[in-house]
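Report on the following structure.
In the text below, chain A, chain B and the rest are named by the order of the sequence lines, each starting its count at 1.
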Number of protein chains: 4
Amino acid sequence: MKQGNQVRKTKTKNKTNNRLKKIAILEGALKVFGEKGFEATTIAAICKSAKIADATLYEYFESKEDVLFSIAEHYTRQHLENMKQVNHFFHNTREKMRLIIQSYLEFYEDNPLYSSVALLNLKGNRNFLKSPAYQVVREASGSIIEAVDEGVKKGIYRDDVDAYLVRNMVLGFIEHLTIQWLLLKRPEKISPCRDSIFIMVMQSIEKNCKEAYDN
Amino acid sequence: MKQGNQVRKTKTKNKTNNRLKKIAILEGALKVFGEKGFEATTIAAICKSAKIADATLYEYFESKEDVLFSIAEHYTRQHLENMKQVNHFFHNTREKMRLIIQSYLEFYEDNPLYSSVALLNLKGNRNFLKSPAYQVVREASGSIIEAVDEGVKKGIYRDDVDAYLVRNMVLGFIEHLTIQWLLLKRPEKISPCRDSIFIMVMQSIEKNCKEAYDN
Amino acid sequence: MKQGNQVRKTKTKNKTNNRLKKIAILEGALKVFGEKGFEATTIAAICKSAKIADATLYEYFESKEDVLFSIAEHYTRQHLENMKQVNHFFHNTREKMRLIIQSYLEFYEDNPLYSSVALLNLKGNRNFLKSPAYQVVREASGSIIEAVDEGVKKGIYRDDVDAYLVRNMVLGFIEHLTIQWLLLKRPEKISPCRDSIFIMVMQSIEKNCKEAYDN
Amino acid sequence: MKQGNQVRKTKTKNKTNNRLKKIAILEGALKVFGEKGFEATTIAAICKSAKIADATLYEYFESKEDVLFSIAEHYTRQHLENMKQVNHFFHNTREKMRLIIQSYLEFYEDNPLYSSVALLNLKGNRNFLKSPAYQVVREASGSIIEAVDEGVKKGIYRDDVDAYLVRNMVLGFIEHLTIQWLLLKRPEKISPCRDSIFIMVMQSIEKNCKEAYDN
DNA sequence: CATGAATGAGAATTCATTCAT
DNA sequence: AATGAATGAATTCTCATTCAT
């Protein structure tokens, strides 16, 4: 019936204020999403948490889902920034992988609400893949591909290693662990697993003496 | 969500018929859940798919969520049965792990609708952990723990290997891969990955010459 | 977000009951629409007037607009039936026109709520033209075309008379009068105007001695 | 609907500028109203069309409805001016009627957006009758009354002719035709109907030989 | 004068679930 | 055992309007 749907384009004269307010809303939303989950969260709850009126949210975001995706974009961008900065100082190929693993673990551990949203709500959302926010997530995980490729090229990792499969392993490993931690609090902390995980990942891709795996 | 929840205890004269109908409903539901996702699926859609009246569903299940969890239980039980049967014939420790990996991959590949439900909807559902269905899922994944412990005991795997961590790795790896496959159809098939995955997993836990990983 | 929109097809085993209930709702709705106008009427008000729950309305109609259009269809069908029945007994060409005029006036006068809805709400609704209900309205007004054509053919009306224009005149005349009556209660009753209107309409189309209208 | 309504009395230093801006807004609004209809039009759309900020509209008008009514007033005043000017040069009674008919047809045809607003939105609006704008509309239609009365007095029109009924006929005729044209584009143009309409109207009220209409 | 920003107040729908038959 | 019918309860999103700057 009613037509027109574009976000009443927040006619921002003041871009900085606008951005800050968006982030404030995102933070309020993260709290609620993280605690109750996306579907169980109401716009009302988000707005209460962000201390704004319900209608105000729609001045900054198109929909509840837009808020969700924007959270992903915002936090992943931060994580990405972290990784890039640190990565900058490391040239050792193996160290890069260790770094990535540690970085993910610490990021998830330090941002349990975001981890919850990302791993429990976002992952199952088919629309997320089509959102621009997803690209940022991909960019972040791309660092694993690069790190593996570099190792293969340098002859440190096995030639037959499939970087994409390794990414699946690393991310799957970490995410599965994080979900366990989030939902069952087991283990109590995940960041200490970084060494074990690193070793396992390394062994699985590094060249080593025992080569033959006959079926 | 809604309240009021007394189970109109289905006083089944004919237990078998009852079970069959439940399964029929589950199959109808799986189709819709798998295609649209849990939240986007309506009872009406499930019942249309199962060719029953909306009210009839409640003769067999307590709620929409009960249907979801029952799907998990039903299918996992099947998967579990598969695994046990095959496992029965293998005594080689390594082979057991290969089997588990292959079994999961094939099960997911052969039941994409269930995979979708399990990995995209169930995983993010906090209530699932409290459901009896979850126990069946745990039982299934328990085989990994056993297989690892056995290998450690036999001295095939490294002594410092944490079976629980390995389970996280294996399941995380496989599930992450499956999600990619489900949502992005990349890779086209996942069962062929079984060897690569097996090798990587093995290397990550087997004893091998290169032992030292200095930080 | 949510998809699917088709009216949860009222799975009517009992078609008669269904039809009766639809009509009951229509009557309740007419009351409110007629008094407050379409836009100012809420689903809640309709349902209160029809003594049903809000959700129940949607078992019978797709939307508020569907209710509006269904009112038009229902009442116009009645009117049409009236006209046809009476018309059946008249063979005199002029009488047919008199009948039509009288019929419209009486129908509007006897159903002021419907008149209000039809003339004040429906006429300005662009979607109405695309609705099946509109066809019924057209059918009703078609009788004017027929009556005029007949008169022209018989040589009673001027040859250059445009039946469509006459329809515009007759309907426009009656409707304008009815709107005045509805909104301003002036004149107090409209049915007595039937003779004056009839005469005016007749004179405007009948052959008569004074033929020349020089510009 | 909404409450709170104190007119922030625009203390206009520059009355002309003020009037010009009001008209500019009216023109912007007419465009949107005419295309989408009153209810479907948002203040945002009007202001976008008028190239002002939403809040600015309220410096010039009290409400959305005030804008609507002001459009009617503004355009009808123009139309009225036109009619008066031309009318001034005609002394022939019949010609006056021809003039009125032609004038309405041309005005509607030349201002389809306004016609749309006037005939599709304004006519069904009960509040309009209470607005000052309505008086201007009445004044315009008053010319028909005068023209008829004059004709009756001069003995050109039948003595029993009811000027108010004639007004209903003329306006109803023209408006019905215009609505058809607006919504169905049938006929393609309405101004050429002026002669046919004039003839029909004239015949319906002029004295002529055939006097008796026996029932 | 103009307006960016904020919001109160709805209002139409949707849907899981109940229950009389 | 099956279901047609009814509905309670909720929730997103819209939009006219206000007001401080």
Side-chain angles (χ1 to χ4, degrees), chain A residues 1-2 4-5 8 10-14 17-18 21 39 41-45 47 52-65, chain B residues 1-6 8 10-14 17-18 21 39 41-47 52-60 62-65, chain C residues 1-2 4-5 8 10-14 17-18 21 39 41-47 52-60 62-65, chain D residues 1-6 8 10-14 17-18 21 39 41-47 52-60 62-65:
Chain A
M1 249 105 278
K2 306 287 166 76
N5 201 22
R8 206 193 255 260
T10 332
K11 337 109 192 179
T12 326
K13 211 159 235 173
N14 194 332
N17 262 349
N18 191 269
K21 184 130 192 189
E39 297 287 350
T41 294
T42 65
I43 294 287
C47 293
I52 55 167
D54 290 24
T56 304
L57 184 142
Y58 290 91
E59 296 290 326
Y60 295 87
F61 299 96
E62 286 183 40
S63 65
K64 192 178 149 188
E65 205 170 53
Chain B
M1 258 107 272
K2 307 290 161 81
Q3 74 273 64
N5 226 11
Q6 315 77 22
R8 198 195 276 247
T10 339
K11 351 126 195 166
T12 331
K13 256 166 213 165
N14 193 331
N17 262 350
N18 190 276
K21 184 131 191 188
E39 297 288 348
T41 294
T42 64
I43 293 287
I46 294 174
C47 293
I52 56 167
D54 291 23
T56 305
L57 184 142
Y58 289 89
E59 297 290 327
Y60 295 88
E62 286 181 42
S63 67
K64 190 179 157 187
E65 207 170 51
Chain C
M1 249 104 281
K2 307 287 163 77
N5 200 20
R8 207 193 257 259
T10 332
K11 338 107 195 181
T12 327
K13 210 161 239 176
N14 193 330
N17 262 349
N18 190 270
K21 184 130 189 191
E39 296 289 350
T41 294
T42 66
I43 293 289
I46 294 174
C47 294
I52 54 167
D54 291 24
T56 304
L57 184 142
Y58 289 91
E59 296 290 327
Y60 295 88
E62 285 184 41
S63 65
K64 191 178 152 188
E65 206 170 53
Chain D
M1 255 106 276
K2 307 293 162 79
Q3 73 274 62
N5 222 9
Q6 316 74 21
R8 198 194 276 247
T10 338
K11 350 120 196 174
T12 332
K13 252 165 211 163
N14 194 331
N17 262 352
N18 190 276
K21 184 131 190 187
E39 296 288 348
T41 293
T42 65
I43 294 286
I46 294 174
C47 294
I52 55 167
D54 291 22
T56 306
L57 183 143
Y58 290 89
E59 297 290 326
Y60 295 88
E62 286 179 42
S63 66
K64 190 179 156 187
E65 206 169 53

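In terms of phosphate contacts, C/Tyr58 brings no side-chain nitrogen or oxygen within less than 4.0 Å of OP1 or OP2 of E/dC15. Look at C/Tyr60 and you won't find any side-chain N or O under 4.0 angstrom from OP1 or OP2 of F/dA5. Using a 4.0 Å cut-off, some side-chain N or O of D/Lys21 falls inside it from OP1 or OP2 of E/dA2.
Distance from the side chain of C/Glu59 is smallest for F/dA6 among the nucleotides F/dA6, F/dT17, E/dT3. Closest to the side chain of A/Ile43, out of F/dT12, E/dC15, F/dT3, is F/dT12. The nucleotide whose nearest atom lies closest to any side-chain atom of B/Ala53 is, among E/dT13, F/dG8, F/dG4, F/dG4.
Regarding B/Asn18, its CG atom lies at a distance of 8 Å from the P atom of F/dA1, rounded to whole Å. A straight line from CG of C/Asp54 to C1' of F/dG8 spans 10 Å, rounded to a whole angstrom. At whole-Å resolution of the value, CD in A/Glu39 and C1' in F/dT12 are 12 Å apart. We find that CD1 of C/Ile52 is positioned 11 Å from P of F/dG8, with the value rounded to whole Å. Rounded to whole angstrom, the span from the CD atom of D/Glu62 across to the P atom of F/dT17 amounts to 10 Å.
The two residues D/Lys64 and D/Glu39 have their closest heavy-atom pair at NZ-O, 3.6 Å. Taking both residues in full, the closest heavy atoms of A/Ala53 and A/Cys47 are given as O-SG, 3.8 Å, listed atom of the first, atom of the second, then distance.
Residues C/Ala44 and B/Glu65 each lie close to DNA chain E; by heavy-atom proximity, the contact nearer the 5' end of the strand is made by C/Ala44. A residue-by-residue look at A/Thr42 and D/Lys64 shows that A/Thr42 has its nearest nucleotide of DNA chain F further toward the 5' end. Projected onto DNA chain F by closest heavy-atom contact, B/Leu57 and D/Ala55 fall at different nucleotides, the more 5' of which corresponds to B/Leu57. Each of C/Thr41 and B/Thr56 was assigned the nucleotide of DNA chain E with the nearest heavy atom; the assignment lying further toward the 5' end belongs to C/Thr41.
No side-chain heavy atom of C/Glu59 sits under 4.5 Å from any side-chain heavy atom of C/Ile52.
Legend: residues meeting side chain to side chain contact (heavy atoms under 4.5 Å, CB included) with A/Ala55, ordered by chain and number and at least two apart, are absent.
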Can you run through DNA chain E from 5' to 3' and write each base as (, ), [, ], | or . depending on how it pairs? Watson-Crick or G-U wobble, both distances under 3.5 Å. .||||||||||||||||||||
